[in-house]
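Working notes for the structure below.
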Number of protein chains: 2
Amino acid sequence: MDILGLLRSHGIQPTPQRMAVAGFAIDSRNHPSAEEVYLGVREACPTVSRATVYNTLHLLVERGLVRQLALREGVCVYDSQTAPHHHFIDDDTGRIEDVPWDAVSVTGTDTLQGIDVREFQVVMRGRRRPR
Amino acid sequence: MDILGLLRSHGIQPTPQRMAVAGFAIDSRNHPSAEEVYLGVREACPTVSRATVYNTLHLLVERGLVRQLALREGVCVYDSQTAPHHHFIDDDTGRIEDVPWDAVSVTGTDTLQGIDVREFQVVMRGRRRPR
DNA sequence: GTTCGTGCAAACGGTTTGCAACAAT
DNA sequence: ATTGTTGCAAACCGTTTGCACGAAC
């Protein structure tokens, strides 16, 4: 929750710009692209440059504070939830939602011949059921 | 296998350029990006334009001859295997490999509340085991 | 003579890079 | 004085678009 402490504890020198970027990226539940982070941060703090946003995002990824995912075509998407989980992508809206790890069970990834699987996730596509 | 017949049977008017693109995309087991298809086709047929390659790829996707995947960050990747299967991405090389559908089993995608899953796949990352 | 396909070049969106100015220590 | 951080602008890569030429029926 405390962004300042979070940055410090991960060896990232806290600056106002970095706090703004980290705050936005970590609060956001929308799996924003880097450009979306840039635009969002800009609203609160119009002076930050693109370079700083991209630098900071790379730093956050490197230090394990956010994850970089290939879920949308053509853009890098950032996920603030770093614990393992799955993803659901809505066909209509393109919205990416997190699916709890326990909601789906996967077996067989550890017995593929010749392959050491370090991590995996299920990527689902479909639509939200009208209620 | 017969590209000409394949195009015809999918209602695509066969032209030399389209045959080259389709041939390359379908033969390729490497999950090439559009740009890589363009470069590859160019070697055999240096006159084709980018626009034609991209047009043709879209056509092939639309007609279900290849699939478009979001597996690499920042690029669209094309997969000639249209039957359902999973993917493994090598940490070292970035190479994307197909994993047979039956090699992995997934349960629970049909009982997510509020969600109709149309399709899913497991995306695995790791490394090839040294033999 | 319309339709459809092509090639070229320019535009585009998202990301990256080079560099000069500027803190911070 | 060195190191690290920032902002700006330009470059970059992959993809898309506009348009005029050309082939096909």
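Computed from heavy atoms alone, side chains included, the values below leave out hydrogens, waters and symmetry copies.
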Rounded interatomic separation in angstrom, taking [atom1] from [X] and [atom2] from [N]:
{"X": "A:Q13", "N": "C:dA23", "atom1": "CD", "atom2": "C1'", "answer": "10 Å"}
{"X": "B:N55", "N": "C:dT6", "atom1": "CG", "atom2": "P", "answer": "8 Å"}
{"X": "B:L57", "N": "C:dG5", "atom1": "CG", "atom2": "C1'", "answer": "15 Å"}
{"X": "A:L60", "N": "D:dT5", "atom1": "CG", "atom2": "P", "answer": "13 Å"}
{"X": "A:L39", "N": "C:dG14", "atom1": "CG", "atom2": "C1'", "answer": "11 Å"}
{"X": "A:I12", "N": "D:dG4", "atom1": "CD1", "atom2": "P", "answer": "15 Å"}
{"X": "A:Q68", "N": "C:dT16", "atom1": "CD", "atom2": "C1'", "answer": "13 Å"}
{"X": "B:Y38", "N": "D:dT15", "atom1": "OH", "atom2": "C1'", "answer": "12 Å"}

task: Can you pull out how bent the helix from C:dG1-D:dC25 to C:dT25-D:dA1 is, comparing the axes over its first five and last five pairs, to 10°?
output: 0°
Hydrophobic cluster identity match, [X] and [Y], side-chain contacts under 4.5 Å:
{"X": "B:I3", "Y": "B:Y78", "answer": "yes"}
{"X": "A:V66", "Y": "A:V48", "answer": "yes"}
{"X": "B:V61", "Y": "B:L57", "answer": "yes"}
{"X": "B:I12", "Y": "B:V37", "answer": "yes"}

Polar pairs (N or O, both sides) under 3.5 Å between protein and nucleotides 11-14 of chain D?
none

Is any side-chain heavy atom of [X] closer than 4.5 Å to a side-chain heavy atom of [Y]?
{"X": "B:L6", "Y": "B:I26", "result": "yes"}
{"X": "A:I96", "Y": "A:R72", "result": "yes"}
{"X": "B:E97", "Y": "B:H31", "result": "no"}

task: Hey, could you give me each pair passing ring pair (Phe, Tyr, Trp, His ring centres under 6.0 Å) that has a residue in residues 95-131 of chain B? Not counting sequence neighbours.
output: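 Listed by first then second residue: B:H86-B:W101, B:W101-B:F120.
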query: Between A:V77 and B:T15, who's closer to the 5' end of DNA chain C by nearest nucleotide?
result: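 Result: B:T15.
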- prompt: Hey, does the side chain of A:H58 come within less than 4.0 Å of C:dT15's phosphate (OP1/OP2), counting only N and O?
  reply: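 No, because none of the side-chain N or O atoms of A:H58 sits under 4.0 Å from OP1 or OP2 of C:dT15.
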Phosphate OP1/OP2 of C:dT6 contacted by B:T47 side-chain N/O (<4.0 Å):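 No, B:T47 has no side-chain N/O under 4.0 Å of OP1/OP2 on C:dT6.
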Please determine, for the side chain of [X], which listed nucleotide ([options]) has the closest atom?
{"X": "A:Q17", "options": "C:dT6, D:dC8, D:dT6", "answer": "D:dT6"}
{"X": "B:T52", "options": "C:dG5, C:dG7, D:dT5", "answer": "C:dG7"}
{"X": "B:A51", "options": "D:dG4, D:dG18, D:dG7", "answer": "D:dG18"}
{"X": "B:R18", "options": "C:dG5, C:dC8, D:dT16", "answer": "C:dG5"}

message: Check this for me, if you would: do B:D116 and A:R129 make a salt bridge, where the nitrogen-to-carboxylate-oxygen distance has to be below 4.0 angstrom?
response: yes
- prompt: Is the count of non-hydrogen atoms from other residues, nucleotides or ligands lying under 6.0 Å from B:R67 atom CZ greater than 12?
  reply: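 No, the 6.0 Å shell around CZ holds no more than 12 heavy atoms from other groups.
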